[in-house]
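Below: one structure, written as structure tokens.
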Amino acid sequence: MVSTASTSAAVSPESLPDAHGRFGAFGGAYVPETLVTALKELSEVYETARHDPAYVEELHRHLKEFAGRPTELYFAERLTAHCGGAKIYFKREDLLHTGAHKINNAIGQVLLARRMGKPRVIAETGAGQHGVATAAVCAKFGLQCRVYMGAVDMERQALNVFRMRLMGAEVVGVEAGQKTLKDAVNEAMRDWVTNVRDTHYILGSALGAHPYPMMVRDFHRVIGKEARSQMLEREGRLPDEIIACVGGGSNAMGVFFDFLKDESVRLVGVEAGGHGIRQGEHAARFEGGKLGVLQGCKTYILQNADGQIELTHSVSAGLDYAAIGPEHAYYRDTGRVRYAYACDDEVMEIFQLCSRLEGIIPALESTHALVEGVKRAKQMRKDEILLINVSGRGDKDVNQVAKLLGVKLF
Ligand SMILES: *Cc1c(COP(=O)(O)O)cnc(C)c1O
């Protein structure tokens, strides 16, 4: 393992990925021939757009007026007192329109679709949060929208399916495989191959083929940029540690990125430990995952010896995926980011604790970061500062939690 100091001195975060979309040994673009041109077009359009002041101005305007940025930096006073250690701050991505950080990326990409003159948008969704964000931006900009969702997820997240349909999206159930996120991504890619001329695929995490991991990360960098200046204003210094949950890895890369060069700031990603680290019972790719290629990129994947994708499990659908974003794989190998995991039972406990102590019901995904945050705050000194990225709100999860707690709502 390379030390933090030598790593950041050797490779600047801004220089990654390279021209081929690689973060060291990870990333790339492993796609069928038909998509090579589409990905190249997307790379070029994105490269031009991000240097175009008109695009940047419009992006910021919609992030403010439609999404509700900047989000607050919030001092979690009672949780801090409860832990008795480090001062805990939340970055409140849960306050964003449609309930999570996903809208940052959806707005950025829908503007690219319009720029490319593509009238049709497709997306995949697991828990439904990315589908809802995509449906919302497509409604706002008058684009046709189709969202692929595993049939099992559709049943679990019926409310989000209805939300998407209210906003005019067509939601297509996927009956293949495990009928969850991975299968929805396969369907979306199949659709894109067929309709690539008039269709843009809004991928929802820092995953997939280049330029998606880079582009999605960039759209979420606003989280870390804001947190940095808010923290400097509030405390006059940077936090000692930042914790975020990691599904594909977009909210985590977004909050981490602008701190990667600050060696005094420890960065921690939290994966889903599910029922515990046993085959098929979790989604912690760094706990037994192996290098492989899934859905466009090379990264750590939960797979068996034959390369078959393993079953995954997490109480939170948004973290329940067999592959992790390639940039995380890179920072895990360099040692710049430490990765932990939280299990379902801990998540259930801290979900209730945070609700009770702070009056904030976090998404089950975000609660994984809170589980690690509570552990770390207790170990840290009172003059230290811990920042937790609360990636989304838990409204979507209350039915599921009630059921798990044996509370009958209807
Ligand atoms: C989708 C989602 C996640 C996981 O996705 P990342 O790309 O890892 O950020 C985390 N939190 C919430 C609230 C989500 O909706």
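Scope of the values below: all heavy atoms of this structure, side chains included, with no hydrogens, waters or symmetry mates.
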ask   = Between Lys87 and Asp383, is there a salt bridge with N-O shorter than 4.0 Å?
value = no
query = Donor-acceptor pair, Glu310 side chain versus Glu281 backbone, under 3.5 Å?
reply = no
task = Could you tell me whether Asp191 and Arg120 make a salt bridge, using a distance below 4.0 angstrom between a side-chain N and a carboxylate O?
result = yes
ask   = Counting only heavy atoms not in Glu14, do more than 12 sit closer than 6.0 Å to its CD atom?
value = yes
query = Any side-chain heavy-atom pair from Leu353 and His82 closer than 4.5 angstrom?
reply = yes
inquiry  = Quick one, Phe66 and Val137 - any side-chain contact, counting heavy atoms below 4.5 Å?
reply    = yes
inquiry  = Under a 3.5 Å cutoff, is there a donor and acceptor pairing between the side chains of Tyr201 and Gln109?
reply    = no
query = Is Asp94 close to Ile360 at the side-chain level, that is, under 4.5 Å between some pair of heavy atoms?
reply = yes
key: Close side-chain approach of Cys145 to Thr134, heavy-atom, < 4.5 Å   = yes
task = Please list, chain by chain and in numerical order, all residues satisfying ring pair (Phe, Tyr, Trp, His ring centres under 6.0 Å) with His313, sequence neighbours excluded.
result = His275
message = With ring pair (Phe, Tyr, Trp, His ring centres under 6.0 Å) as the rule and sequence neighbours excluded, what pairs involving residues 124-145 come up?
response = His62-Phe141
query = Is it true that Arg146 and Glu170 have a side-chain N and a carboxylate O under 4.0 angstrom from each other?
reply = yes
query = Is the closest side-chain heavy-atom distance between Val270 and Val371 below 4.5 Å?
reply = no
task = Please test Glu327 against Arg217 for side-chain contact (heavy atoms from CB on, under 4.5 Å), starting from the C-alpha separation and ending with a verdict.
result = CA-CA 9 Å; Glu327 198 165 5; Arg217 167 200 81 194; 3.0 Å; yes
query = Under a 4.5 Å cut-off applied to non-hydrogen side-chain atoms, are Thr37 and Lys40 in contact?
reply = no
inquiry  = The test is side-chain contact (heavy atoms from CB on, under 4.5 Å); show your working for Val347 and Ser316 and say whether it passes.
reply    = CA-CA 9 Å; Val347 167; Ser316 65; over 6 Å; no
key: Lys NZ or Arg CZ of Arg285 over Tyr300 ring: under 6.0 Å, within 45°   = no
message = Under a 3.5 Å cutoff, is there a donor and acceptor pairing between the side chains of Arg332 and Tyr330?
response = no
task = List the steps and the verdict of salt bridge (charged side-chain N to carboxylate O under 4.0 Å, His left out) for Glu358 and Arg78.
result = CA-CA 7 Å; Glu358 294 296 342; Arg78 293 192 69 213; over 6 Å; no
note = So OH of Tyr74 and CD1 of Ile388: to nearest 0.5 Å the spacing works out to 12.0 Å
ask   = Do we get Arg234 above Tyr89's six-membered ring, with its NZ or CZ under 6.0 Å from the centre and within 45° of the axis?
value = no
inquiry  = Taking the side chain as everything from C-beta on, heavy atoms only, tell me whether Arg393 gets closer than 4.5 Å to Ile361.
reply    = no
inquiry  = Pairing donors with acceptors under 3.5 angstrom, does anything connect the side chains of Glu93 and Asn389?
reply    = no
ask   = Does the side chain of Arg69 come under 3.5 Å of the side chain of Asn104 through a donor N or O and an acceptor N or O?
value = yes
ask   = Does Asp258 pair with Arg221 as a salt bridge, N-O distance under 4.0 Å?
value = yes
request  = Apply the test ring-ring contact (aromatic ring centres under 6.0 Å, His included) to residues His328 and Phe23: give CA-CA distance (whole Å), side-chain angles for both, the deciding distance (0.1 Å), then the verdict.
outcome  = CA-CA 9 Å; His328 286 283; Phe23 303 87; 9.6 Å; no
message = How long is the straight-line distance from CG of Leu181 back to CG of Asp183, given to the nearest 0.5 Å?
response = 8.5 Å
request  = Quick one: do Arg228 and Glu233 satisfy salt bridge (charged side-chain N to carboxylate O under 4.0 Å, His left out)? Show the steps, please.
outcome  = CA-CA 9 Å; Arg228 189 187 180 89; Glu233 191 174 311; over 6 Å; no
Residues Glu365, Lys396; criterion salt bridge (charged side-chain N to carboxylate O under 4.0 Å, His left out); working and verdict = CA-CA 11 Å; Glu365 290 83 0; Lys396 67 180 176 58; 2.8 Å; yes
ask   = Aromatic rings His101 and His220: how do their planes relate, parallel, tilted or perpendicular, breaks at 30° and 60°?
value = tilted
message = Any salt bridge linking Arg266 with Glu384? Criterion: basic side-chain nitrogen under 4.0 Å from a carboxylate oxygen.
response = yes
query = Any side-chain heavy atom of Leu294 within less than 4.5 Å of one from Thr299?
reply = no
ask   = Is the CZ atom of Arg237 crowded by more than 12 outside heavy atoms at less than 6.0 Å?
value = yes
message = Quick check with a 6.0 Å cut-off and a 45 degree axis cone: is Lys182 positioned over the face of Tyr321's six-membered ring?
response = no
inquiry  = Please tell me whether Asp218 and Tyr46 have a donor and an acceptor in their side chains that are separated by less than 3.5 angstrom.
reply    = yes
message = Whether Glu346 and Lys375 form a salt bridge (side-chain N of Lys/Arg under 4.0 Å from carboxylate O of Asp/Glu) is what I want to check.
response = yes
query = Ion pair present between Lys91 and Glu226, side-chain N to carboxylate O less than 4.0 angstrom?
reply = yes
request  = Say whether Glu372 and Tyr341, considering side chains only, have a donor N or O and an acceptor N or O under 3.5 Å apart.
outcome  = no
Straight-line distance of Ile350 CD1 to Thr367 OG1, nearest 0.5 Å = 9.0 Å
inquiry  = Just checking Phe162: does its CZ atom have more than 12 heavy atoms from other residues, nucleotides or ligands closer to it than 6.0 angstrom?
reply    = no
query = Going by an N to O cut-off under 4.0 Å, is there a salt bridge joining Lys179 and Asp153?
reply = no
